There are 2 protein chains.
Amino acid sequence: MAVHVSELANIDRAAENLGDAAYRQMKERIIRGVYRPGHKLTVRAVAQDLDVSTTPARDAINRLASEAALVYAGPKTVVVPVLDAKALQEITLIRLALEGLAAQQAAEHVVPQDVEALRALQRQINSALDAGQYADALWHNKEFHFAIFRLARLPHLVSMIETLWLRIGPSLHDLYPEFAKERFGVHNHEVAMEALEERDGPGVRAAMENDIRDGYRRLRRACRERATRSAQ
Amino acid sequence: MAVHVSELANIDRAAENLGDAAYRQMKERIIRGVYRPGHKLTVRAVAQDLDVSTTPARDAINRLASEAALVYAGPKTVVVPVLDAKALQEITLIRLALEGLAAQQAAEHVVPQDVEALRALQRQINSALDAGQYADALWHNKEFHFAIFRLARLPHLVSMIETLWLRIGPSLHDLYPEFAKERFGVHNHEVAMEALEERDGPGVRAAMENDIRDGYRRLRRACRERATRSAQ
DNA sequence: TTTACAGTTTTGTTGCAACAAAATTATACG
DNA sequence: CGTATAATTTTGTTGCAACAAAACTGTAAA
């Protein structure tokens with residue numbers, strides 16, 4: 001078994017076992033929006049999908065469930081979570097606290113070439129948006145945010161933030177047409193990069209908090225529209 | 001399998017399986033300081049301790065490791081973590097962000113009888129300190145803090161804070177003689193309760209942040225003394 | 001059409017054995 | 001005595017079968 005808290009270096013990482021591999025693959029699928037909210041996951045189905053036996057599949061599902069990346073809809077049914085307004089609000093509050101902290105700390109360690117790497121990521125986001133490839137845009141957006149978080153050099157913090165993204169990931173993808181239409185985040189990202197260049201911690205924090213709040217407002221609106229539509 | 005994110009209500013919680021029971025027992029043992037930092041945990045030993053087969057024992061260990069309540073010292077060796085100065089500092093930063101948020105939000109929902117319950121917990125802490133029962137004092141101290149956190153009505157947040165306490169728990173107990181000598185936290189707790197009575201969110205946050213910082217300074221000092229002692 | 005119920009299928013859990021790899025101990029050598 | 005090496009034990013992993021419980025499906029009654 002390898003390192004369980006991702007981003008946590010310094011421990012001698014051994015060869016990954018099947019359970020870890022299954023976990024990693026499932027995590028990527030969830031964050032990429034392969035599974036829609038409400039989708040039911042069974043041990044045997046996952047085992048077949050990933051071509052492993054039930055034990056590693058069960059390991060992966062259990063681990064994702066314990067991180068609330070999957071939730072129990074019944075005693076024997078794990079599903080991809082469907083975020084309601086209350087959960088979305090709570091996760092946003094936690095994101096503001098943790099990602100704000102990471103953003104601010106990032107300014108303590110940033111060097112010019114980090115900002116250059118961020119600009120490259122931003123170009124990838126823009127290209128994807130131009131091409132209408134919204135799933136790619138969301139992926140690059142995630143990369144952009146985590147590139148900043150990693151600058152904070154706080155591995156525990158980064159892995160905790162990751163679990164939060166895992167919880168909203170499916171809903172984000174479920175709504176992404178509405179989401180990407182408005183060229184999300186571009187301005188906030190520009191501000192964040194400028195603040196990083198000036199090593200202005202509070203400035204980076206403010207930009208990233210703005211980005212979270214903007215995303216929250218769009219997600220909440222989409223949630224409500226979805227709710228009223230299904231209520232008809 | 002029951003609810004994995006503790007404090008997360010609304011899901012119909014089914015009968016707990018052996019893996020969950022093992023996880024819960026191990027968690028309590030860790031937070032109560034039964035296992036010292038550095039203690040090695042094996043699947044078969046845990047299985048024997050808890051009188052279950054290897055499967056639930058493995059489940060519990062894996063889950064605790066994925067929460068960083070246990071860490072890998074080698075590819076096949078999980079141990080109770082030994083906090084170094086850097087990890088202690090990072091966890092303290094995260095605690096300030098999350099527990100500060102929970103404390104502030106607690107003021108939004110508090111009612112007088114909540115404060116009365118807190119006063120009862122504080123009396124238990126004081127009694128334990130008077131009697132020199134430091135392990136009990138630490139336990140009641142934990143109850144006091146989490147009684148406040150739960151007032152925030154943010155279950156995801158509470159469970160994330162719980163994982164942080166799980167990470168420092170063993171080191172706290174390892175050092176508790178030095179820790180309890182100074183009647184930790186009593187004043188901060190009093191201030192927190194007064195602020196709660198006045199529904200003063202920032203006041204509650206400040207008191208709890210103070211408590212975290214005080215604890216951090218003591219833990220860091222004890223860590224350093226321990227380090228210099230072992231270096232001789 | 002909806003609801004209640006019985007039968008059927010699916011599903012998670014649990015324990016276990018075999019295996020490979022790591023950790024530990026014993027041994028021999030410098 | 002310390003260190004490198006080999007032998008031995010311990011350990012995590014993996015797959016699987018049996019079991020109980022839940023989920024599902026079809027059926028019949030209101």
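So that the names make sense, note that chain A is the first sequence line, chain B the second, and so on, each numbered from 1. Just so we're clear, the structure is a prediction, and the values are computed from it rather than from any experiment.
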Against A:T54, only a single residue in A:V43, A:D59, A:I61 fulfils side chain to side chain contact (heavy atoms under 4.5 Å, CB included); can you say which?
A:V43
Only one of A:H145, A:Q124, A:Q133 passes side chain to side chain contact (heavy atoms under 4.5 Å, CB included) with A:H140, and that residue is A:Q124
Check nucleotides 6-11 of chain D against the protein and report each pair of N or O atoms closer than 3.5 Å, with its distance, or say if there are none.
residue : atom : partner : partner atom : Å
D:dT11  : O2   : B:K76   : NZ           : 3.1

Can a donor-acceptor pair be found, under 3.5 Å and without considering hydrogens, that links the side chain of B:D214 to the backbone of B:D211?
no
All pairs passing salt bridge (Lys or Arg N to Asp or Glu O under 4.0 Å) where residues 34-55 of chain A contributes a residue, at least two apart:
A:R29-A:D49, A:R36-A:D174
Restricting both atoms to N or O, compile the protein contacts to nucleotides 14-16 of chain C shorter than 3.5 Å, with distance only.
residue : atom : partner : partner atom : Å
C:dT14  : OP1  : B:L18   : N            : 2.5
C:dG15  : OP2  : B:S53   : N            : 3.2
C:dG15  : OP2  : B:S53   : OG           : 2.8
C:dG15  : O5'  : B:S53   : OG           : 3.3
C:dG15  : N7   : B:T55   : OG1          : 2.4
C:dC16  : N4   : B:T55   : OG1          : 3.4

Assess the residue pair B:Y35 and B:M26 against the criterion (side-chain contact (heavy atoms from CB on, under 4.5 Å)); give the C-alpha distance rounded to whole Å, side-chain angles, the decisive distance to 0.1 Å, and a yes or no.
CA-CA 9 Å; B:Y35 302 118; B:M26 292 298 295; 3.6 Å; yes
When you compare the side chains of B:E99 and B:W165, does any donor N or O come within less than 3.5 Å of an acceptor on the partner?
yes
Please determine whether side-chain contact (heavy atoms from CB on, under 4.5 Å) holds for the pair A:T55 and B:R58, giving the CA-CA distance in whole Å, both sets of side-chain angles, and the decisive distance to 0.1 Å.
CA-CA 11 Å; A:T55 308; B:R58 185 172 171 269; 4.0 Å; yes
